[in-house]
Amino acid sequence: MTDQSALRIENLKFRYHKRRKSEPWVIDIPALQMHRGDQMLLTGGSGRGKSTLLHLICGLMDPLQGETYVDGTPIHSLHGAQRDLFRGKRIGMIFQSFNLLHGFSALDNVMAALMFSTIPKGEHRKRANYMLRHLGIEHPRRHPDKMSIGQQQRVAVARAMVCDPVLVLADEPTASLDPENARIAIKLIQDICQEKNAALLCVSHDPALPERFENRVSLDELAKGVLPVFQDDQASPPEQITDSIPLATGPAKEAIITPPPEEHDIATDGPIEDDAPIELGLDGDVLDEEAKADVNLEVKENTE
Amino acid sequence: MAMTDFKIIRRSLFSRLFSTIITTITVATAVGLMLVLLTMPDAAESAFKSGSGNMHMLVSRDPSSMQSVLNGVFYMEAPGNSIDWKTYENLQKRIRILDYAIPIQQGDTYRGFPVLASTPEFFSRFKPAHDRDWEFTDGQPFAGEFEIVAGANVASALGLALGQELILTHGSGVSRKGTPDPEAKDDDEHAGSDHDHDDFSYTVVGILQRTGGPHDRAIFTDLNSAWIIHAHDRRERESSGHIEKTTIDDLSDDDRLITGVYLRVATRKGSAMSGAQQMVFNQLRADTSITVADPVQEINKMFVIIGNIDQIFIAMAIVVMISSGIAIMLALYNSMELRRRQIAVLRVLGCSQSRIFGLIVTESAILGVAGAVMGVALAWLGTEAVATVMNQKLGLVIDATLPLPITAIVIMSTIGLASVAGLVPAFQAYRTPVVRNLRPLG
């Protein structure tokens with residue numbers, strides 16, 4: 001049977017000191033599965049291994065036991081450049097400190113993610129421009145250093161999403177933001193993941209976040225075999241997960257996987273106006289010719 | 001433009017612009033120095049050796065053989081002592097196996113360019129190079145009195161043309177007079193050693209093609225004219241009143257002076273050397289009143305000395321080159337600390353370790369390329385400067401073109417060295433721990 005899940009974890013175990021067998025596992029997850037469009041919040045106190053789990057999932061760290069399947073591919077069986085390329089193409093990562101490339105424009109930052117994809121070079125600029133504008137960045141050529149924290153977060157989100165990943169890993173995405181910006185940012189991430197039909201695994205200890213996620217689980221619960229139940233799981237439970245594993249608390253919500261039309265502006269949660277925000281920046285700046293050309297092209301495509 | 005490796009490298013180089021400029025200048029200095037030192041000695045030696053043409057010996061009264069060659073062939077300065085005509089005639093009578101013995105007289109100049117007075121044999125028997133006759137761009141050799149043939153460099157530098165009239169200057173003083181102007185006479189012009197020969201104007205009858213030797217920056221005239229203008233000076237000094245213009249009939253034996261003799265021993269047809277050369281050389285050396293020099297031997301002696309110094313300079317250039325490689329390595333190594341996060345982010349985005357390694361090595365190589373290009377430009381300026389100075393001081397016409405094979409080797413070596421210098425920081429970048437460098441700052 002073909003593995004259709006965005007993320008599947010099987011018996012994943014990790015501790016920092018490989019040879020200290022007396023040490024408890026930092027990560028010990030018997031099973032976890034997420035399909036495209038699923039969204040889950042992973043909670044847990046600081047230093048409990050939430051970020052480590054994300055690094056294991058994306059293949060930046062290797063487990064001592066078990067395997068992680070992303071889009072059906074066992075990521076730890078890939079080696080070197082193969083694994084890096086796979087990560088670039090299938091996984092989008094959003095960090096607490098955004099980790100934008102210093103000295104590069106927002107557009108360059110987003111295009112940096114496309115550098116390592118199989119998307120033709122000729123499309124990079126258009127695609128990155130569209131993604132940034134879609135997320136409310138009116139001046140893609142502006143350097144993130146000159147943007148507000150909220151805008152920097154949007155650039156980071158655009159970079160994570162531009163390659164159409166199957167899985168988005170968000171590591172404390174709201175930790176650097178004030179409550180209002182945090183609310184906007186998490187909504188933005190959730191909406192874009194839904195629009196792109198990507199699974200979202202968010203780790204956070206932000207007390208405001210659980211209310212935003214229907215599915216939430218702590219690392220301790222995962223270790224005990226507690227699993228969140230997504231709509232898809234109920235429809236078609238994976239063969240590897242046994243019936244004996246208890247379900248996560250909280251009601252499962254039917255995932256809405258209907259991407260909004262392209263004109264939908266995810267940043268303002270409304271339709272993209274055809275005229276005003278495209279020709280002029282937020283401060284009324286006239287966009288440069290190249291940016292205009294890109295936008296005009298996009299508008300033309302949309303109208304077609 | 002899409003984001004590319006080159007854009008990342010360019011951004012990195014520009015983000016530490018000062019360091020990039022200093023490193024590039026260091027590399028450029030090393031490359032420039034290396035190229036000049038590898039190129040100039042050969043070019044200079046070639047120019048020196050070709051300068052003596054087909055003569056075998058040079059007779060003069062200079063204090064040393066080396067000075068004799070530098071003055072008599074390379075126009076370094078006017079010879080201080082003269083040879084009288086009788087000595088020259090005796091020399092011709094004594095040595096019977098000479099192909100030629102061409103008398104020369106130096107001492108006058110025209111706007112700083114040396115004048116060599118000789119006989120028509122200078123153009124018919126003496127050759128500027130073993131395998132090359134004199135060739136004229138315009139006109140012909142001098143045939144009579146007060147006719148001038150201009151070397152290629154003089155003609156182009158001063159814009160001389162056939163039929164133009166010139167007034168020569170006695171000594172090395174620079175005459176600014178391009179055309180005769182008998183009324184413009186300084187009161188004390190004959191009191192010092194340098195003065196214009198205002199009473200006699202010369203006409204340009206020939207312009208030589210470039211030979212690549214010292215004669216390109218000389219002006220040639222006939223010996224009689226040189227004797228006449230100096231005899232006129234003598235007569236002016238001796239008389240208190242106005243004198244008639246001096247002619248050849250007014251010359252005394254004391255006026256018939258020369259400063260050197262170009263000698264060539266008879267050889268078999270087509271042969272550049274003669275077995276009798278050494279014998280003639282020894283025979284002439286027996287006369288202690290004259291200095292006999294073998295130009296090729298003197299030039300060889302000079303380049304043995306220069307060659308030793310040259311090797312020291314090349315060793316120094318190699319040290320500078322290695323230092324520039326170390327400078328590249330340090331510049332990149334120091335930048336790594338600030339770039340760890342960038343590298344970690346690129347890795348997360350899908351960049352492989354080997355591509356990161358390649359980025360750093362390429363960045364290092366680009367510094368090498370920039371340094372090499374700037375270095376070639378510096379070397380070009382350097383060789384032009386050296387050639388100009390040598391031309392002005394020694395009359396040598398050095399080919400300042402950088403030889404392509406040497407230039408290519410130096411450029412490739414520089415890029416290779418720069419790439420090697422990038423290996424250490426590249427390895428450091430390769431091993432950058434990704435997870436640790438993704439953590440929030442502070």
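A, B, ... follow the sequence lines: proteins, then strands. Residue 1 opens every chain. Atom set for the values below is all heavy atoms of this structure, side chains included, hydrogens, waters and symmetry mates excluded.
For the pair B/Val348 and A/Arg87, the tightest heavy-atom approach, listed with the atom from each and the gap, is O-NE, 3.4 Å. Between B/Lys7 and A/Phe104, the closest heavy-atom pair is O-CE2, 4.0 Å.
No side-chain heavy atom of A/His55 sits less than 4.5 Å from a side-chain heavy atom of B/Val434. Within the 4.5 Å cutoff, no side-chain heavy atoms of B/Met3 are placed close to those of A/Val110. A heavy-atom distance below 4.5 Å is not found between the side chains of B/Val345 and A/Phe95.
One finds the CG atom of A/Asp84 at 9.0 Å from the CD1 atom of B/Ile356 (value rounded to the nearest 0.5 Å). A/His79 contributes atom NE2, which lies 15.0 Å from atom OG of B/Ser352 (distance to the nearest 0.5 angstrom).
No more than 12 heavy atoms of other residues, nucleotides or ligands lie within 6.0 Å of CZ in B/Phe313, so this atom counts as exposed by the packing criterion. Atom OH of B/Tyr333 has 12 or fewer heavy atoms from other residues, nucleotides or ligands within 6.0 Å. Residue-environment remark: CZ (B/Phe427) stays at or below the threshold of 12 foreign heavy atoms within 6.0 Å.
Annotation: maximal heavy-atom pairing with chain A below 4.5 Å, among B/Asn437, B/Val435, B/Leu346, occurs at B/Val435. Your options are A/Asp108, A/Thr52, A/Ile91, A/Leu85, and the one with the most heavy-atom pairs under 4.5 Å with chain B is A/Asp108. When the candidates A/Asp171, A/Asn109, A/Leu60 are compared by the number of heavy-atom contacts under 4.5 Å with chain B, A/Leu60 comes out ahead. Top candidate by heavy-atom pairs under 4.5 Å with chain B, chosen from A/Met115, A/Gln96, A/Lys121, A/Arg83, is A/Met115.
Within the 4.5 angstrom heavy-atom criterion, atoms from both the backbone and the side chain of B/Ile8 approach chain A. The part of B/Gln353 that comes within reach of chain A is its backbone (N, CA, C, O), which places non-hydrogen atoms under 4.5 angstrom from that chain. Heavy atoms of B/Arg355 lying under 4.5 Å from chain A belong exclusively to its side chain.
Side chain of A/Asn99 to main chain of B/Leu438: a donor-acceptor pair is present (N/O by atom type, distance under 3.5 Å, no hydrogens or angles). Not a single donor-acceptor pair under 3.5 Å links the side chain of B/Arg11 to the backbone N or O of A/His102.
Residue-level contacts of residues 361-372 of chain B with chain A do not occur; threshold 4.5 Å between heavy atoms.
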Which donor-acceptor pairs under 3.5 Å do the side chains of residues 17-34 of chain B make with protein atoms, sequence neighbours left out?
unit_1: B/Thr20; atom_1: OG1; unit_2: B/Leu13; atom_2: O; d: 2.7
unit_1: B/Thr20; atom_1: OG1; unit_2: B/Arg16; atom_2: O; d: 2.9
unit_1: B/Thr23; atom_1: OG1; unit_2: B/Ser19; atom_2: O; d: 2.5
unit_1: B/Thr24; atom_1: OG1; unit_2: B/Thr20; atom_2: O; d: 2.6
unit_1: B/Thr26; atom_1: OG1; unit_2: B/Ile22; atom_2: O; d: 2.7
unit_1: B/Thr29; atom_1: OG1; unit_2: B/Ile25; atom_2: O; d: 2.7

